[in-house]
Structures are given as C-alpha cells and as structure tokens.
Amino acid sequence: MTDPMTATAAPVAAAGATAPARRRSAGWLAVVPLLVFVAISFGAPAVAMVNGAFTVKDPASGASSYTTANLTASLQGAYLTALWGSVKLSGLSAAIGAVLGLLLAQAVVTSRFRALREAVLTASGVLANFGGVPLAFAFVATLGNAGVLTRHLGLDEHGWSLYSFWGLVIVYLYFLIPLMVLTVTPALEGLRVQWREAAQNNGATTGQYWRHVALPVLAPSLLGGLVLLFGSAFAAYATAAAMVGSSVPLITLQIADAISGNVLVGQENVALALSLDMIVVAGLVMAVYLPLQRRSARWLV
C-alpha cells in the first residue's frame with residue numbers, strides 16, 4: 001500500500017526540480033536580444049574585416065583570392081613603424097599615467113575631506129571620457145605654437161612643441177590619469193586597516209608595509225589598470241589626428257590614410273589587415289587584464 005505522504009511528496013519534489021530549469025530557460029530568453037545585438041554590431045563587422053584582411057583583388061580581372069599578402073604588408077615598412085610607434089606611445093603614456101594616477105588615488109583615499117574626494121572622483125569620471133577633437137583644440141589653444149601658456153611662459157623659445165611624440169604623451173595623460181584613478185581607487189579602499197596595524201605592531205615601517213603587504217596585494221589591480229590604460233591609448237585616434245596628422249607615425253592614422261587613399265589607392269584591405277593587427281594586440285591586452293582582475297577580486301572583498 002502506497003504511503004499518502006510519499007505520493008504527495010513526489011510531485012512536489014518534481015515541481016521543485018523543474019523550477020530552476022524554468023528560471024534558467026527564462027534567463028536565456030532574456031539574453032537573446034543582447035546576443036543578437038552583439039552579433040550584428042560586433043560579429044558582422046569582425047567577420048567582414050577578417051575576410052577583407054585575407055582578400056586581394058586582381059585589378060585587371062577583378063577576381064578576388066585569399067592570401068596573406070595584406071597581413072604581410074601591414075607588418076612592413078611604414079605600417080610596421082606606425083604599429084611600433086603606437087605601442088611606444090601607449091606604453092609610455094600608460095606607465096606614466098599609472099604612477100601618477102596611483103599617487104592621486106592614494107591621496108584621495110587617505111584624505112579627511114569627503115567633499116574633496118567626491119570632487120576628484122567626479123572630475124575623474126568626466127575627464128576620463130573627454131577626448132577627440134575637443135581635447136585636441138583645448139591643448140592647441142593652451143600649449144600650441146600660439147597657445148596662451150606657450151606665449152606667456154615663452155615655451156617655444158626652449159624648443160617646446162605640442163605637435164610631437166611627447167606632446168601627444170602629455171595630451172593622453174589628460175584622460176589616462178583620471179581613468180587610472182577610477183580603476184585603482186576601489187582597490188585602495190579594499191586595503192584593510194588591520195593589515196597596516198598588524199604590520200606596525202610587528203615593527204614594520206610605512207615603506208616596508210607598502211613593499212611587503214600593500215603593493216603585492218595591489219599588484220593585480222595595478223597591472224590591470226596599466227593594461228587598461230595601454231588599450232585606451234592604443235585605440236585613440238581623433239585626438240592624434242586633429243593634433244599631429246601624419247607627423248607622428250601611429251597605426252590608427254595609417255588605417256585612416258589607407259582607407260581614404262591619401263597615400264596609395266586601393267589599400268582598403270591593407271587597412272583591414274592593420275585593424276586585425278590592432279585587434280590581436282587588444283586581445284593580448286585583455287587576456288592579461290581579465291585574469292589579473294579576477295585575482296585581485298579574491299583579495300579585495
């Protein structure tokens with residue numbers, strides 16, 4: 001004879017088991033529009049770019065064939081110089097921005113004035129997204145050949161030029177330092193007071209605390225911020241285009257010239273190959289950034 005309680009519990013257990021499955025299926029249905037949007041906005045252009053990067057058209061017959069000639073051309077001559085110039089500019093700007101941003105973020109976190117902290121973080125959020133032609137115009141009007149500070153301080157008499165490699169570094173720092181402040185401030189706030197007190201109780205100095213406790217814990221976040229700054233500087237285009245044109249070799253400017261035919265006609269697929277080179281570099285950057293962020297999250301919770 002079947003127990004009534006057992007007979008009743010079986011349907012209840014089955015219903016409880018199917019509830020999570022229904023929630024998961026409903027969650028997937030909710031994500032479908034986002035996946036479709038990502039596929040159309042990013043997937044289709046990426047496929048077209050890869051296809052064009054490996055395609056060469058015969059000017060006589062108009063026939064297309066797949067080859068690596070575009071990629072080979074993108075890693076030679078002026079294109080390779082531009083790629084290396086972008087890497088140098090991005091690496092140097094990111095390194096300086098990371099150091100200055102860390103110092104500014106530490107000053108903000110340890111400040112007793114809450115209003116100052118909120119003002120700096122708010123300004124960082126605005127300045128980190130300020131770029132392009134408006135940023136270039138602001139610096140040209142301030143530090144250009146006829147800029148206000150250039151004429152007032154006589155900088156041109158000392159060989160100063162905004163339209164150079166170091167001029168671009170200074171301009172890039174305008175938005176990279178605030179970006180580093182936003183990136184590293186949560187990590188600095190995650191440093192526990194007990195760690196500093198324990199180090200002091202054991203006779204450690206401030207320098208020893210930072211060298212043996214704080215910096216090892218912050219290292220993943222700092223390296224992740226450095227990688228993020230590198231990626232932001234590496235992908236910047238409008239500011240450099242408005243300021244220096246082609247006087248400073250950068251890969252983003254080379255892509256624009258190849259597409260528009262300013263140097264050679266029919267180099268559109270080489271521009272796609274250059275874009276693929278940039279994606280490879282960005283992919284390597286993200287491959288470093290994401291594991292570092294996950295590692296730092298285990299400590300700073």
Side-chain angles (χ1 to χ4, degrees), residues 41-42 45-54 70-98 127-140 144 161-180 226-289:
S41 301
F42 298 98
V47 172
M49 180 192 63
V50 173
N51 180 70
F54 288 95
N70 294 325
L71 288 176
T72 303
S74 69
L75 297 175
Q76 293 179 353
Y79 297 132
L80 180 60
T81 302
L83 178 60
W84 178 237
S86 291
V87 171
K88 289 192 297 183
L89 176 63
S90 304
L92 183 60
S93 301
I96 298 175
L127 298 178
N129 295 281
F130 182 65
V133 177
L135 178 61
F137 174 77
F139 269 88
V140 168
S161 176
L162 180 67
Y163 317 110
S164 62
F165 178 87
W166 286 103
L168 276 180
V169 170
I170 293 176
V171 174
Y172 279 20
L173 289 177
Y174 189 83
F175 61 86
L176 292 181
I177 292 177
L179 181 60
M180 186 63 182
L226 179 65
V227 169
L228 182 61
L229 265 60
F230 176 88
S232 299
F234 188 70
Y237 163 73
T239 301
M243 279 186 52
V244 300
S246 59
S247 60
V248 177
L250 297 176
I251 188 171
T252 51
L253 303 181
Q254 286 288 349
I255 292 174
D257 290 339
I259 292 177
S260 60
N262 289 344
V263 180
L264 295 174
V265 179
Q267 296 295 303
E268 295 83 2
N269 287 353
V270 176
L272 296 177
L274 290 170
S275 302
L276 185 59
D277 295 339
M278 289 192 65
I279 288 181
V280 170
V281 174
L284 294 175
V285 166
M286 294 307 299
V288 174
Y289 175 68

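In this text the structure is predicted, and so the values were computed from the model without any measurement.
Smallest separation of non-hydrogen atoms from Pro45 and Ser41: CG-O, 3.2 Å. Taking both residues in full, the closest heavy atoms of Gly144 and Tyr163 are given as CA-OH, 3.6 Å, listed atom of the first, atom of the second, then distance.
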Side-chain donor-acceptor distances from residues 82-94 under 3.5 Å, at least two apart:
residue	atom	partner	partner atom	Å
Ser86	OG	Ala82	O	3.3
Ser86	OG	Ile251	N	2.8
Ser90	OG	Ser86	O	2.7
Ser90	OG	Phe234	N	3.1
Ser93	OG	Leu89	O	2.8

For residues 271-286, dump all side-chain donor-acceptor pairs below 3.5 Å to protein atoms at least two apart in sequence or in another chain.
residue	atom	partner	partner atom	Å
Ser275	OG	Ala271	O	3.0
Asp277	OD2	Ser74	OG	2.8

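Rounding to the nearest 0.5 Å gives a distance of 10.5 Å between CZ of Phe139 and CG of Leu168. Rounded to the nearest 0.5 angstrom, Asn129 CG and Leu135 CG are separated by 12.0 Å. Asp257 contributes atom CG, which lies 9.5 Å from atom OG1 of Thr252 (distance to the nearest 0.5 angstrom). Between the CD1 atom of Ile96 and the CE atom of Met180 there is a distance of 13.5 Å, given to the nearest 0.5 Å.
Shown here are the side chain to side chain contact (heavy atoms under 4.5 Å, CB included) partners of Ala48, two or more places apart in sequence or in another chain: there are none.
Contact of the Val227 side chain with the Phe230 side chain is not registered, since no non-hydrogen atoms from C-beta on lie closer than 4.5 Å. Contact annotation: the side chain of Leu162 approaches that of Val171 to within less than 4.5 Å [non-hydrogen atoms, C-beta and beyond].
By the neighbour-count criterion of 12 heavy atoms within 6.0 Å, atom CZ of Phe130 is densely surrounded, having more than that number from other residues, nucleotides or ligands.
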### Query
For Val169 and Trp166, what are the C-alpha separation, side-chain angles and deciding distance, and is it a side chain to side chain contact (heavy atoms under 4.5 Å, CB included)?
CA-CA 5 Å; Val169 170; Trp166 286 103; 4.3 Å; yes
### Task
Assess whether side chain to side chain contact (heavy atoms under 4.5 Å, CB included) is satisfied between Phe54 and Val50, documenting all intermediate values.
CA-CA 7 Å; Phe54 288 95; Val50 173; 4.0 Å; yes
